[in-house]
Amino acid sequence: MRISRISRNAGAALVAGLCLTTSAARAQATDSAGSAYLRAQDFETRDQYDSAAIAYRQALVQTPNSLAAMLGLERVYAQLGRSDSLLPVLDSAIAREPRLNALRAAQLRTYRSLGDRAGLERAFDQWRRDVPHDPAPYQEYARMLIEDGYTAQADTVLQLAQTQAGNARGFSYEVAQLDAAMGKWEPSARAWRQAVSNNPYLADAAVFALFPTPAGTRDAVRRALAAAPVSTPPLKVLGALELAWGAPREGWTALHVLRPDSATIAAWLDFAHRAEQSNAWLVARDALVAADQADPTPAYLVRAANDAFAGGDAAGAASLAARAETDLDSAAAATTALPIHLRALSALGKPADGARLLDAYRGVMSADDQAQNARLLAWGWVRVGDLEHARQALASGGGGDDAAAGWIALYQGDLAGARRQLHAQGDPSGDVLAVLALLDRTRATKSEALGNAYLTLARGDTATAAAAFAAAAPSLADAGSLLIATSARLYTTHGDAPQAIAAWKTIVDSLPQSPEAPEADLEWARILRRTKQTPAAIARLEHLIITYPQSALVPQARRELELARQTVPSTS
Amino acid sequence: MFSKRILTYLAAAALALLPNAIRAQHLLVPMDDDQTNHLKAYGLTYNALKDGARGEWLLNYRGGSFLLPDTPELRRRAALDGITTQPVDDATLSDIRNQMSQANMESVPLEKAPRIAVYTAPYSPPWDDAVILALRYAGIPYTPIWDDEIEHGDLSKYDWVHLFHEDFTGQLGKFYIAYSGASWFVDMQRTNLATAKKLGFPNIPALKKDVAMKIRDYVNNGGFLFAMCGATETLDLALAAHDVDIASVFADGTPMDPNADAKMDWNASLAFRGAQLELSPYVNSMSDIDGHQANVPGRRQPLGTFTLFAFSAKFDPVPSMLVQDHRTVIPDFYGVTTSFMKNRIKPGVTVLADEAGAPWAKYIHGDYGKGSWTFLGGHDPEDPQHAIGNPPTDLSLHPNSPGYRLILNNVLFPAAKKKPLKT
């Protein structure tokens with residue numbers, strides 16, 4: 001009895017010792033496998049694929065079911081052009097883990113990369129037999145067939161899958177892709193509708209697949225995505241598609257019918273973001289306003305105000321900014337809503353309103369914010385032609401702004417002062433550089449005509465400013481061609497092609513030795529091309545190339561010439 | 001005031017000080033790396049000939065340069081297109097000729113701009129054919145023709161005819177495998193079938209076979225044929241299959257003759273012999289002529305480079321003209337037919353370029369009757385993996401393309417005056 005107890009205790013100790021030994025050995029093996037895997041990754045990172053393959057194989061010997069090591073081996077064998085070596089490794093792993101889909105997918109990928117269509121088909125058949133109710137084999141194989149252009153075979157596989165599954169729901173993504181690949185846009189849209197309804201993360205894939213829909217078929221796609229009962233994911237896809245097709249307003253029209261809930265608000269905000277990226281500012285504004293109505297958030301209103309202003313709706317911007325200010329505390333409003341509010345009031349020609357607004361927030365603004373907002377207000381005064389108030393506004397912001405003071409000097413015709421103060425700018429903007437280029441072309445110190453031209457431009461009257469620049473040219477002969485060129489550019493911006501041509505023609509005919517002469521030929525030709533006067537455009541471009549062969553504009557002229565002659569495909 | 005002698009001296013001195021440009025009698029258009037726009041240089045030469053001037057092709061001299069008369073108009077055109085030209089006086093030209101006489105170089109007179117036709121379907125976008133891209137970019141005029149014109153005997157109006165990716169087996173490139181539902185494919189099928197019916201043929205394959213035979217007759221009568229991409233392989237298949245059904249059921253309502261291989265008449269073809277046809281209607285390949293099989297994923301061969309062969313300019317001026325280039329090794333490019341298996345090329349055909357160590361040739365040439373043909377595999381030398389729907393190639397981005405030069409060599413070579421062989 002005693003002996004047996006001792007034996008039993010000894011046996012227990014032995015078993016415990018064995019367990020400990022086994023655990024220690026396993027831990028050691030796992031460490032070793034982990035170390036082999038880490039070495040393999042390191043080799044792979046350093047493009048040492050031979051060594052990486054050996055290390056991954058070691059990792060698999062020690063941990064045969066390591067999926068990470070298997071996928072690593074797949075990658076490096078592909079790099080080495082030895083994907084065929086992976087097949088026996090995969091066969092062993094699949095025999096151990098027949099239901100591990102990742103291994104099966106790797107097997108399909110390998111056969112595919114080897115171009116072994118028969119092997120690929122065999123592997124697929126075996127997979128679907130081993131997991132008869134699993135959609136994964138059909139999905140994986142069908143995607144490969146679609147990507148390889150075997151659309152008819154993919155269709156067969158998906159039909160088989162649907163027969164096995166009893167319905168098509170699990171395969172809507174693959175069906176959608178297949179239909180898109182075959183140019184069946186309407187069925188594809190219906191399948192995408194189902195796919196994104198089940199998996200909203202597929203929205204971008206749907207947009208990518210449906211984007212090439214020909215214009216004549218888009219209405220059918222629209223109907224499929226917007227069909228009742230409406231739901232957020234398909235309409236989100238439709239909104240993005242409309243943006244991509246260049247119809248942002250239609251996108252918002254489709255989306256705004258949704259009942260506001262958190263998913264809808266997220267879709268509206270996503271749409272607003274996409275619209276902003278497409279410069280569709282006013283529909284972005286509307287989406288943000290709708291989001292604010294559903295979930296009052298001043299940040300949405302501030303963004304909407306900025307979008308409204310960017311879209312040319314200064315009144316809307318002022319109104320939205322004012323609403324945001326009421327919902328924000330003063331300090332937050334001063335840094336977020338106030339700048340766009342001031343900008344909008346300045347654009348509307350209401351600097352006095354802006355001044356009152358600025359005064360109301362003066363106590364909560366930092367010195368930097370005061371200076372910045374004072375500049376915005378000063379532009380408002382410039383816009384209404386009140387340069388004295390503009391100076392006072394700058395002074396109230398702390399002064400010391402060379403650029404703003406330089407601009408005001410310029411508007412007053414003080415070319416010497418403008419030159420001095422704008423040159424003093426450390427990091428001049430493009431506008432300042434353009435003005436300096438002009439000021440440095442003339443020795444004149446005063447010119448009311450030029451100041452008036454710039455002031456008119458600052459007030460937003462482009463057509464009158466264009467005429468004013470041309471009128472200033474005779475009095476500033478040393479910069480005459482540049483002033484006429486400025487006039488021509490403004491006429492072009494204003495859409496007045498005949499006046500623009502007249503200005504460019506003046507340079508070509510009367511100032512052919514001026515630095516602006518090649519540009520005059522080129523821009524004249526571009527206007528002619530835009531107005532379909534191709535032979536005349538060709539003549540101008542040829543004139544430029546022959547007359548100014550050393551001009552830096554010759555490559556551009558040659559490019560325009562190719563396009564005008566239609567000797568290269570148009571990029572538009 | 002001045003003596004006559006002094007005046008004569010001053011006049012001579014003034015003449016000597018005049019720039020070469022004023023005194024030159026010829027314009028050399030170099031085609032080596034000094035040339036800024038190789039492709040437009042062909043257009044300059046072609047249009048000079050078209051306007052009645054004569055020129056010379058200086059084979060192997062500075063990349064296959066051209067010599068043109070020095071006229072203000074040609075200088076103007078060269079300046080507009082950014083083409084490098086160099087004025088050459090008689091003394092310099094004499095030096096050049098002396099240099100050429102002592103090397104593998106030869107001057108070939110260029111006399112007449114060939115009349116060019118391009119076989120292209122009315123539904124084809126203008127930028128889907130490398131030859132049209134090259135012709136338009138170089139400013140070389142051409143006439144588009146299709147089945148109606150060929151069936152009405154219009155080929156005799158042209159000196160040079162180009163074929164591109166037309167499928168002369170009548171199976172529309174087997175695009176039905178992947179694009180049967182695409183609207184452009186439906187339109188293509190409808191247009192071809194309507195044309196066949198209008199011209200009295202029961203189906204598309206029957207029409208295309210007849211068109212292929214008329215093209216071969218055109219070559220036989222002295223025409224120059226240049227084909228690329230799928231037109232090379234399918235033209236010969238259609239010719240050899242004059243009495244056998246090689247089209248799938250999709251194309252003509254009946255399956256392909258299972259014994260078609262044995263019934264092919266390779267005496268009727270231009271370039272190939274003994275090819276095995278692809279029997280499956282669902283494999284996007286026509287035969288084993290193409291070495292690369294780009295549209296059959298399991299068979300596709302990787303792209304390498306091909307090397308242009310050097311020929312004796314004095315004794316083999318025709319192949320020499322066809323391989324003039326500033327590069328001899330050129331990156332390969334896929335097409336419906338990319339290359340030609342050498343074991344399928346007839347004896348007597350001249351291989352102009354091949355891939356070292358590979359069993360295929362890229363560029364081949366041969367005579368047939370009084371005319372000649374040239375086949376270049378691949379679709380677009382500057383878009384090696386061009387796929388349907390890809391944007392067209394803008395040749396202003398590739399003005400020095402060595403691959404496109406091969407196409408333009410073919411355009412200009414019918415302009416050469418035939419010299420008696422020196423052998």
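Each chain gets a letter, A, B and so on, in the order its sequence line appears, and its residues count up from 1. None of the values given here were measured: they were computed from a predicted structure. Just so you know, these numbers use all the heavy atoms, side chains as well, and skip hydrogens, waters and symmetry mates.
The closest side-chain heavy-atom distance from Arg122(A) to Gln126(A) is not below 4.5 Å.
Between His165(B) and His379(B), the ring planes are parallel. Angles under 30° get that label, and only those over 60° would be called perpendicular.
In this structure, the side-chain hydrogen bond (donor to acceptor under 3.5 Å, both in side chains) partners of Trp192(A), at least two apart in sequence or on a different chain, are Ser188(A). A search for ring-ring contact (aromatic ring centres under 6.0 Å, His included) contacts involving Tyr137(B) returns nothing, not counting sequence neighbours. Residues forming a side-chain hydrogen bond (donor to acceptor under 3.5 Å, both in side chains) with Arg112(A) (at least two apart in sequence, or on another chain): Glu147(A), Asp148(A).
Put simply, the side chain of Asp81(B) never gets that close to the backbone of Ile83(B): no donor and acceptor are under 3.5 Å apart.
Neither the backbone nor the side chain of Gln153(A) has a heavy atom closer than 4.5 Å to any heavy atom of chain B.
Interface with chain B: from residues 535-550 of chain A, residues Glu542(A), Ile545(A), Ile546(A) qualify, criterion being any non-hydrogen pair under 4.5 Å.
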